[in-house]
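Structure record follows, encoded as structure tokens.
Here is how names work: the chains are called A, B, and so on, in the same order as the sequence lines, proteins then strands, and each is numbered from 1.
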Amino acid sequence: MTNYWLMKSEPNVYSITDLKKEGKTIWDGVRNYQARNFLRQMQPGDLCFFYHSNVTPPGIVGLMQVVESDVIDPTQFDSQSPYYDAQSCLESPRWQTVIVEFVKVFPEMISLTTLKQMFHQEELLLIRRGNRLSVMPVAKKVADQILQIAQQ
DNA sequence: GCCAACGTTGGC
DNA sequence: GCCAACGTTGGC
């Protein structure tokens with residue numbers, strides 16, 4: 001079964017344009033346990049909405065697909081990386097992630113404002129007050145509606 | 001730039 | 001286990 005997710009990135013760090021250029025990427029650097037637990041649940045074939053955060057306006061800009069799951073995030077062992085985690089050991093790595101590939105850029109961004117108008121807080125974790133998760137599930141019903149308006 | 005909301009850390 | 005202090009996220 002295909003599951004749907006939403007993943008945030010600040011476009012000045014890594015944007016959908018970067019992903020389009022590269023084709024695929026490892027989604028490294030997530031250091032939040034709740035977000036990691038969602039990453040662990042992802043399966044190849046799952047679809048992920050790409051969300052640009054910390055920009056004006058923020059919103060969903062495209063779609064990507066999981067091609068490899070349960071990938072060890074190498075940056076946790078790299079002492080030069082900002083994501084280095086000295087507590088993590090090779091025998092049982094603390095941080096897993098996925099490799100995603102580019103699917104499409106939406107003709108028009110679906111802004112956070114639009115998402116707030118389309119859905120209720122209970123339907124979409126993204127718009128829940130105070131939410132700061134960078135990786136989160138999206139219900140199929142909600143995902144279908146987002147995909148539908150993305151075609152227009 | 002501001003600040004609310006949240007997660008993490010560490011003293012006790 | 002509690003909780004204050006701190007750092008970060010991210011919309012505005």
Begin with the C-alpha distance, continue with both residues' side-chain angles, and end with the deciding distance and a verdict on ring pair (Phe, Tyr, Trp, His ring centres under 6.0 Å) for A/Phe50 and A/Trp5. CA-CA 9 Å; A/Phe50 197 129; A/Trp5 308 90; over 10 Å; no
In B/S/- notation (B base, S sugar-phosphate only, - none; protein heavy atoms under 4.0 Å), nucleotides 7-12 of chain C written 5' to 3' is BBBBSS
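- Residues A/Val100 and A/Cys48 come closest through the heavy atom pair CG1-SG, 4.4 Å.
- Judged by distance alone, the side chain of A/Lys8 and the main-chain N or O of A/Leu133 form a donor-acceptor pair under 3.5 Å.
- Look at A/Asp85 and A/Arg94 and you find a salt bridge, because one of the NZ, NE, NH1 or NH2 atoms lies within 4.0 Å of a carboxylate O, short of that distance.
- Counting heavy atoms from C-beta on, the side chains of A/Pro44 and A/Ser69 come closer than 4.5 Å.
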